[in-house]
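Notes for the one structure printed next.
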Amino acid sequence: MAKPAPIATKTKQIVLWIGANSGGVSKTTLAIHIAYEMACHGLDVAILDLDTNVSMAQFSGLSKNPPWEETISYVLSDEFSGNWPLVTPSWGNPNGKVEICRGGPVMVQTGLELALKKRREYILQDRLTDFPLPHQLVILDCPATLGSLNDVALAVSTHLLIPVELTPKSLSGCDALLTWYRLSCKEMRLNPPPQILGVVPARYNQEESIQRDYLKLLPQMLGGQNIHCYPFIRYSREFINASERGIPLPLHRKSHKACQDFLPICNDLIASLRDN
Amino acid sequence: MGKATRNADFFSLSQQTAELESAQERIAELEAFNQQLQTLVGTQVSSHAKNAITVPITSIVRDPEQARRWFDPEEQAKLTAAMREFGFRGRLWVRALPDSKYQLVAGERRLRSALAAEFTEVPVEILDIDDDLAIVLSLLENLQRVDLNPIEETQGILRLLSRRLQCSVAEVTSLLYRMKNQQQRQEEPTLEESQAFATINQVFETIGRISWMSFITMRLPLLNFPQEILDALQQGQIEYTKATIIARVKDEQPRLQLLQDTIANNLSLSEVKLRAKEIKPSRIPSLQEEFKQVIKALPKALKDPRKAKAAQALLEKLKQLVDE
Ligand SMILES: Nc1ncnc2c1ncn2[C@@H]1O[C@H](COP(=O)(O)OP(=O)(O)OP(=O)(O)O)[C@@H](O)[C@H]1O
Ligand SMILES: [Mg+2]
């Protein structure tokens, strides 16, 4: 089944699903920093937070307790009539704009209720078809477990970015995610299936020898499946400090080296948007 | 723990799934070919797991007649780079020849990249087929290519037809024109002709991308391109899009020049277009045209009193000439 293209967007839209099969590997941090960097390049970005935790609201400086009508849960409900509840964080206007649709604990209920819907896996795809977003980039931040909300994300995404930590647990989780991805694409008959943009080693700490070793081995581990491996995003406490302040790292520590770590991914996204 | 002892085997599950997927794709591909072959020649190709082996790359021979021609060099380079990085994926289809040699049936593009990447061995799947089937299969595979240009497609279909009809390509062409004429004039074909026409019909239905009628009207004329351009295309020296532009230049001398320049300097499509446009037909202009041009430039010249005087004299002479 071909994915219907959003009608109102003149140019190509990338729907980037940031997925991992383990918690705390930087999904939300990546979402925010990629969004910010892309907006600095003049692109408009929407982040749809499908996660049940409040990290997205916390890290972006938004209220962690929005009314239900201002969450993605409302968008996925039968009551939604096309008015996307997007909010702009204080840092969301560097050039292009970043707008966020929050998730949070309400998503637990939404996840459960999905089981009762007719086109459950395609619910977000249907929303984006019926009520297209004008943003060039839509980022989906998802829960760490491969449940129904990740099916929803997979069905609508055009690209997939997979952060891993260089630990046995996270790497094994990545293996399971990739297996799940292949089987689900087939089961859901996604045609074309979302493209794997790459795997990105996140929270990389070069002090640890196991991480250094895995970093060297990773391209080879993924090579058999033709999967690209991005340069690492380094570990820094400043990420945590920035997230506490609800702003991206470049606004917290402008010349911090880690700010550059997101560029290879953003360059690929920009190139891919230009292709059209 | 040292580097050497690090366990790097984290991705075996997804790797297996991916391999299964590509095996299934291969099987699906073979099944699709089989369906085509079934309708074309009433045979199936069989392939068993035991026929999947790895052989020295030097043991693979290519039939020069069948070798694919134009390959997008950029795509080819990408494939080579991917092979260097990730190794050879999938299997080439070959059939066994005497002396432990193998004839390539399908996979010319991957073989080229494997050679460029200096592989010494490649995985193959040995198909148990005869000469005739090998050629048909190879032609069919060739017709699946994404970068097949219309001329190659035309030539490939003609070759396939000539194989099926057991006659030369020239004879196929004349048969096709006869088929078209008879259809248009609603004449009765002879028994022999109607059998040939049925085969032709079947081939076009199997290929399923163009009707025999539009093949005759749209494609066959392409083969009337100047020979040097057909040659350049065949040798992969030039892209189809550029060739069509150059072919439109009527005069042989500038056309040859443009072709040479395009190949030598790898001119871009827009450069080729520009050059082709600049080439004026080398026809001698008529007297009338020359007069028109002179008259167009006259008003400016008349501003010069000396020239105006001379023109006056010439005008008198012309008047006399017209009145004679
Ligand atoms: N490069 C980094 N260096 C240091 N800390 C980081 C880095 N990236 C993320 N963190 C911190 O690690 C924690 C987990 O990151 P984050 O919330 O982005 O991961 P996640 O994958 O979204 O987690 P979850 O599965 O809980 O949604 C956060 O406290 C975050 O600030
Ligand atoms: Mg998160």
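Below, chain A is the first sequence line, B the second, and so on; all start at residue 1. Keep in mind it's a predicted model, so treat the numbers as computed, not measured.
Annotation for B/E121: atom CD counts as buried by contact number, over 12 foreign heavy atoms lying within 6.0 Å. The environment of A/Q206 atom CD is sparse: at most 12 non-hydrogen atoms of other residues, nucleotides or ligands sit within 6.0 angstrom. Annotation: B/M213, atom CE; neighbour count of heavy atoms from other residues, nucleotides and ligands within 6.0 Å is above 12.
Of the listed residues (A/L177, A/T179, A/I227), just one forms a side chain to side chain contact (heavy atoms under 4.5 Å, CB included) with B/S14, and that residue is A/T179.
Qualifying salt bridge (charged side-chain N to carboxylate O under 4.0 Å, His left out) partners for A/D268, counting only residues two or more places apart in sequence or in other chains: none.
For B/F11 against A/Q225, the heavy-atom pair with the smallest separation is O-NE2, 3.8 Å. Across all non-hydrogen atoms, the minimal contact from A/D175 to B/Q15 is OD1-N, 4.5 Å.
Separation of atoms OG (A/S172) and CG (B/D9) is listed at 9.5 Å; rounding is to 0.5 Å.
Residues B/F10 and A/P168 meet the side-chain proximity criterion, which asks for heavy atoms closer than 4.5 Å.
For a residue to count as touching a neighbouring chain, one of its non-hydrogen atoms must lie under 4.5 Å from one of that chain's; by this rule A/L218 touches chain B with the side chain only.
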